[in-house]
K.L.:
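So that we are looking at the same thing, I have put the structure below in structure tokens.
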Amino acid sequence: MLQEFRRASFRLGAILLALSTISCGTVSPAEPRVAPSAEIAEQSRPSPQAQTLRVALFPWIPDAAEDEFASLRSSLEKEFERRHPEIDLELRLKLYDDSYYSPAKVAAWLASGDYDLVEIDTVILGDLLEADVLAPWPTQNAGDFFPAAASAATVTEKGEEGQEDKVTWWGVPHLLCGFFLVTHSESIDEASTIDELIAAVEATGQPVYGNFDSSWDLPSLYLDSRVDHDFDPDDLDEAIRPPLDEATATSVDRFADLCQVGDKNPCVDGTFSNDFDGPVQRFVDGETAGYWGYSERLHLTSKLLIEQGKSPYDLFIGSIALGPQRTPTLFTDALVRSTGCADDAGCDHASRLFAEFINSDWAIQEVLLSGDAKAIGKPAPPRYLLPATRSAYSLEGIANDPYYQELFPFAMSGVALPNEGEMVERRRVIQWLLLQRIQDE
């Protein structure tokens with residue numbers, strides 16, 4: 001009965017949220033969808049000869065069809081070329097490819113012309129700007145992008161007194177992701193402070209699992225905790241510098257202790273670095289009170305529950321309370337383009353069309369709802385990646401999915417991880433300091 005009530009509440013909550021958002025005069029998830037970059041495609045057509053466009057899409061997403069993205073890559077290429085037969089689209093999409101977190105490698109792709117567009121995690125945006133390999137995009141429809149997505153894809157230069165700030169769009173946002181806590185416990189889900197969270201988890205007598213031994217997850221969790229301690233999100237690029245903030249680090253330390261079972265803590269000893277799916281599998285098997293991870297971990301969770309004959313819709317999903325409050329920090333995946341492409345009329349036009357296409361209704365549904373898997377006879381749960389636009393939540397299959405509707409408020413209230421501040425290098429220092437502290441407990 002509780003879950004039936006929750007599902008009904010999700011639907012009612014989504015309606016009320018849409019009405020309240022309309023009353024504030026902003027774009028709501030229930031409004032008609034407008035492609036955020038549609039206006040940038042309304043330019044003169046290139047010459048009739050075929051234009052090749054090389055795009056490297058961000059690969060750290062669930063392989064729903066279990067074919068190393070062959071079906072997804074094919075479906076995206078075919079649909080784009082059907083719409084734009086004058087363009088030959090070549091997609092790179094390789095499973096578990098760490099290249100995208102090497103700013104030097106991505107810069108080389110763009111500078112050499114190997115790829116005209118690359119979908120990056122915007123935490124490396126500052127590094128690419130330093131390498132001088134990017135061309136800006138025309139102004140985007142910022143009203144449809146979530147605040148975190150718009151912030152992550154832009155750089156703002158403060159105007160002189162009496163002048164407006166200059167906002168440059170270096171990326172076209174596509175997806176968001178962040179850390180969420182998945183549990184069967186309503187008490188854990190409702191915890192709004194770190195003290196409440198610890199008490200709720202301890203009351204279950206079970207641990208909560210996640211991977212703390214990670215050069216990305218642990219520093220990012222620290223920044224998440226920093227924001228939860230009333231730290232100004234605009235200063236997060238400074239927060240990645242040592243020394244550690246004591247209150248913030250203490251909360252991460254306490255959260256890590258929730259993994260402890262006897263004299264072992266698999267969350268910090270490397271267990272889950274070598275068993276990426278371990279936290280999800282153990283939760284589904286009933287060994288834990290919950291797990292934390294990216295929202296797309298719900299894809300595997302739902303798949304395993306269905307395989308065990310259990311309902312995939314009996315879960316609670318919420319942001320992690322790591323301080324006196326719980327404000328999610330979010331990664332943004334965005335398309336950036338090379339200066340060489342922007343300077344070529346044909347490539348420039350093709351790049352604008354692809355930026356419009358990847359956020360189109362069809363492409364959003366194909367990617368988020370695992371359309372590629374279903375097309376080859378492999379029914380699969382949604383990927384539970386978060387679209388970067390509000391209006392995507394009104395699309396069929398997303399609007400009626402209770403988890404997407406539960407995640408919507410967190411996407412709306414989330415703040416962006418820094419796109420400047422050399423996070424790629426500095427995170428390693430923060431990771432080492434935090435891991436030493438956690439492992440010494």
K.L.:
Closest approach of F69 and P62, non-hydrogen atoms and distance?
P.N.:
CE2-O, 3.6 Å

K.L.:
Just verifying a value: how many Å separate L385 CG and L175 CG, rounded to the nearest 0.5 Å?
P.N.:
5.5 Å

K.L.:
Taking the side chain as everything from C-beta on, heavy atoms only, tell me whether F212 gets closer than 4.5 Å to N265.
P.N.:
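Heavy-atom side-chain distance check fails, nothing below 4.5 Å.
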
K.L.:
If we check side-chain contact (heavy atoms from CB on, under 4.5 Å) with W216, which of these qualifies: L221, N211, V424, D121?
P.N.:
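That would be V424; it is the only one of L221, N211, V424, D121 passing the side-chain contact (heavy atoms from CB on, under 4.5 Å) with W216.
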
K.L.:
Is there a donor in the side chain of Q405 and an acceptor in the side chain of N400, or the other way round, less than 3.5 Å apart?
P.N.:
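Looking only at side-chain atoms, N400 and Q405 do not form any donor-acceptor pair under 3.5 Å.
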
K.L.:
Going by heavy atoms in the side chains, are L434 and P219 under 4.5 Å from each other?
P.N.:
no

K.L.:
Of all heavy-atom pairs between T122 and A334, which one has the smallest distance, and what is that distance?
P.N.:
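For T122 versus A334, the nearest heavy atoms are CG2-CB, 3.8 Å.
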
K.L.:
Would you please indicate if the ring centroids of W362 and F80 are separated by under 6.0 Å?
P.N.:
no

K.L.:
How are the rings of Y101 and F58 set to each other: parallel, tilted or perpendicular (split at 30° and 60°)?
P.N.:
perpendicular

K.L.:
Counting only heavy atoms from other residues, nucleotides and ligands, does the tally under 6.0 Å from CD of E425 exceed 12?
P.N.:
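12 or below, so no.
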
K.L.:
Taking all atoms of both residues into account, what is the closest heavy-atom pair of P279 and D275, and its distance?
P.N.:
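What the structure gives for the nearest pair is CD-O, 3.9 Å.
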
K.L.:
Please determine whether a side-chain nitrogen of the Lys or Arg among D348 and R352 lies less than 4.0 Å from a carboxylate oxygen of the Asp or Glu.
P.N.:
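Yes, D348 and R352 are salt-bridged.
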
K.L.:
I'd like to check D372 versus R383 (side-chain heavy atoms, cut-off strictly below 4.5 Å). Are they in contact?
P.N.:
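Yes. Closest side-chain heavy atoms under 4.5 Å.
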
K.L.:
For the backbone of P138 and the side chain of Q140, can you confirm whether one donor and one acceptor N or O come within less than 3.5 Å of each other?
P.N.:
yes

K.L.:
Counting only heavy atoms not in Q260 (residues, nucleotides, ligands), do more than 12 fall under 6.0 Å from its CD?
P.N.:
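Check passes, neighbour count above 12.
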
K.L.:
Got a sec: does the NZ of K78 have more than 12 other heavy atoms crowding it under 6.0 Å?
P.N.:
no

K.L.:
At what distance, to the nearest 0.5 angstrom, does CD of Q325 lie from OG1 of T193?
P.N.:
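Answer for the CD-OG1 pair, Q325 versus T193, is 11.0 Å.
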
K.L.:
If you apply the rule side-chain contact (heavy atoms from CB on, under 4.5 Å), what do you find for L53 with L353, and how did you get there?
P.N.:
CA-CA 10 Å; L53 183 69; L353 290 174; over 6 Å; no

K.L.:
I would like to know whether V336 and L110 meet side-chain contact (heavy atoms from CB on, under 4.5 Å); could you show each step before the answer?
P.N.:
CA-CA 9 Å; V336 297; L110 293 161; 4.3 Å; yes

K.L.:
Strictly distance-based, threshold 3.5 Å: is any side-chain N or O of N419 a donor or acceptor partner for the main-chain N or O of A152?
P.N.:
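Yes: the side chain of N419 pairs with the backbone of A152.
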
K.L.:
Does P381 offer a backbone N or O that forms a donor-acceptor pair with the side chain of S370 under 3.5 Å?
P.N.:
yes

K.L.:
What heavy-atom pair brings S225 and L322 nearest, and what distance separates the two atoms?
P.N.:
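Heavy atoms only, the tightest pair is OG-O, 3.3 Å.
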
K.L.:
Can a donor-acceptor pair be found between the side chains of E366 and S75 at a distance below 3.5 Å?
P.N.:
yes

K.L.:
How about F283 and Y209: are their ring centroids closer than 6.0 Å?
P.N.:
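No, the ring of F283 stays outside the 6.0 Å limit from the ring of Y209, centre to centre.
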
K.L.:
Rounded to the nearest 0.5 Å, what's the gap from CG on L298 to CG on D401? Could you check?
P.N.:
9.0 Å

K.L.:
Using the side-chain contact (heavy atoms from CB on, under 4.5 Å) rule, take V106 and L128 through it: C-alpha gap first, then chi angles, then the decisive distance, then the call.
P.N.:
CA-CA 8 Å; V106 174; L128 298 181; 4.0 Å; yes

K.L.:
Would you find a donor on one side and an acceptor on the other, under 3.5 Å apart, between the side chain of W137 and the backbone of L335?
P.N.:
yes

K.L.:
Around atom CD of Q308, are there more than 12 heavy atoms of other residues, nucleotides or ligands at under 6.0 Å?
P.N.:
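Count over threshold, so yes.
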
K.L.:
Quick check, are the ring centers of Y403 and Y313 under 6.0 angstrom apart?
P.N.:
yes

K.L.:
Any luck finding a side-chain donor-acceptor pair between T301 and Y291 under 3.5 Å?
P.N.:
yes

K.L.:
Please verify the inter-ring angle class for F331 with F179; under 30° counts as parallel, over 60° as perpendicular, anything in between as tilted.
P.N.:
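Rings of F331 and F179: perpendicular, as their planes differ by over 60°.
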
K.L.:
What I want to check is whether the side chains of D144 and S391 have a donor and an acceptor closer together than 3.5 Å.
P.N.:
yes

K.L.:
In terms of side-chain geometry, is the basic nitrogen of E79 or R83 positioned less than 4.0 Å from the acidic oxygen of its partner?
P.N.:
yes

K.L.:
So, for Q206 and G286, which heavy atoms are closest and what is the spacing to 0.1 Å?
P.N.:
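Result for this residue pair: NE2-O, 3.0 Å.
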
K.L.:
Any side-chain heavy-atom pair from L236 and L223 closer than 4.5 angstrom?
P.N.:
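Side chain of L236 against side chain of L223, heavy atoms only: contact under 4.5 Å found.
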
K.L.:
What are the two closest heavy atoms between V208 and C267, and how far apart are they?
P.N.:
O-SG, 4.1 Å

K.L.:
Near K94 NZ, under 6.0 Å, is it more than 12 heavy atoms from other residues, nucleotides or ligands?
P.N.:
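Count not over threshold, so no.
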
K.L.:
Given side-chain contact (heavy atoms from CB on, under 4.5 Å), test L129 with V155 step by step and report yes or no.
P.N.:
CA-CA 10 Å; L129 291 176; V155 173; 3.9 Å; yes

K.L.:
Within the 4.5 Å heavy-atom criterion, are Y384 and S302 side-chain neighbours or not?
P.N.:
yes

K.L.:
Under 6.0 Å between ring centres: does that hold for W60 and Y96?
P.N.:
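Yes, the ring of W60 comes within the 6.0 Å limit of the ring of Y96, centre to centre.
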
K.L.:
Does some side-chain heavy atom of D213 sit less than 4.5 Å from a side-chain heavy atom of F272?
P.N.:
no

K.L.:
Any side-chain heavy atom of I364 sitting closer than 4.5 Å to one from H174?
P.N.:
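A side-chain contact under 4.5 Å exists here.
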
K.L.:
When rounded to the nearest 0.5 angstrom, what is the spacing between CG in L57 and CD1 in I120?
P.N.:
13.0 Å

K.L.:
Using a cut-off of 6.0 Å, state whether more than 12 heavy atoms not belonging to E130 lie near its atom CD.
P.N.:
no

K.L.:
Ring centres of Y294 and F180 under 6.0 Å apart?
P.N.:
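Distance test on ring centres: not under 6.0 Å, no.
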
K.L.:
Would R92 and D114 pass as an ion pair if we require N to O under 4.0 Å?
P.N.:
no

K.L.:
Quick check: do S360 and E356 have side-chain heavy atoms less than 4.5 Å from each other?
P.N.:
no

K.L.:
Is a side-chain donor-acceptor pair under 3.5 Å present for S351 with R337?
P.N.:
yes

K.L.:
Got a second to check how far H299's NE2 is from R297's CZ, nearest 0.5 Å?
P.N.:
9.5 Å

K.L.:
Is the distance from the ring center of F146 to that of F410 below 6.0 Å?
P.N.:
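No, too far apart.
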
K.L.:
Within this structure, what is the CZ-CD1 distance for the pair R326 and I320, rounded to the nearest 0.5 Å?
P.N.:
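Those atoms lie 10.0 Å apart.
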
